[in-house]
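Just below is one structure, and these are the notes that go with it.
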Amino acid sequence: MSAELKAEQEFSKVIRDRHSVRKYDPSWTISDAEIKEILEEAILAPSSSNLQPWRFIVITDPDVKAQLLPIAHNQAQITDSSATIAVLGDLEAYRNAETIYQYAEAAGYVTAEIGAAMAKRSYDGYSGMPAERLKDIALIDGGLISMQLMLAAKARGYDTVPMGGFVHDSFKELFGITERYVPVMLIALGKAAVEGRPTARLPLEAVTHWNAFQA
Ligand SMILES: Cc1cc2nc3c(=O)[nH]c(=O)nc-3n(C[C@H](O)[C@H](O)[C@H](O)COP(=O)(O)O)c2cc1C
């Protein structure tokens, strides 16, 4: 088997083996270094104009987890997993366009002139958008990063569960999050104590249309 085919099969297995896990081994810790490695892979996700609106709060401190628990409807995975990662979306991500293109220039991906022009185009284009559109973008990009994070974790033998079940206002209050940021989801990360159950999917034919759409 070629190395490429083996890698493809391993990736397919990661996708197929991922299930939401809600019971974690509370004694299992994941080092900060390994959490950073997972996040480093997650941030390779695509984003609208590469503005990377995602921000993370990595919650490992038992006291902070305990405060988050009731806000997340007492879902035990908040406290039992090794870390809960809150994914936020920056509603003013265009403010980072210049910095992003400076990194691109430093890496030799663009010239200073092209980088500056592209940064200006992003800033001008996005800063004039309605708030609702900026929120859509932050949530879409936040979803992409969340999925990538969960697969990166699974590839390392860890489990996750995404959580939308939390009180956004209380969450924002707990962490002093300003109106600039929108909570996307919480993701518990850890070692399963009980494997996640397989879940059913609608058949592909029920969700896929070719070349036209019939509701
Ligand atoms: C945006 C989002 C929010 C979710 N919120 C919760 C949640 O609050 N609590 C929970 O236990 N599972 C939550 N889930 C997990 C789903 O129930 C789960 O992904 C779905 O049943 C499919 O199962 P699977 O992840 O094992 O494939 C959420 C999933 C998504 C994508």
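In what follows, every heavy atom counts, from backbone to side chain, and hydrogens, waters and symmetry copies are set aside. In this chain, numbering begins with 1 at the start of the sequence shown. Counting starts at 1 for both ligands and their atoms, following the listed order.
Protein residues lining ligand 1, listed by chain and number: R18, H19, S20, R22, Q75, Q77, V161, P162, M163, G164, G165, T199, R201 [non-hydrogen atoms, distance under 4.0 Å].
Side chains of Y126 and S48: a donor on one and an acceptor on the other come within 3.5 Å.
Residues E132 and K135 are not paired through a salt bridge, judged by the lack of any N-O separation under 4.0 Å between the basic side chain and the carboxylate.
Y101 shares a hydrophobic cluster with V110, I114, M118; the chain of contacts runs through ILVMFWY side chains whose heavy atoms sit under 4.5 Å apart.
Residues satisfying the salt bridge (charged side-chain N to carboxylate O under 4.0 Å, His left out) test with D90, not counting sequence neighbours, are R55, R180. Residues passing the salt bridge (charged side-chain N to carboxylate O under 4.0 Å, His left out) test with R121: none are found, sequence neighbours excluded.
Counting heavy atoms from C-beta on, the side chains of K13 and R18 never come closer than 4.5 Å.
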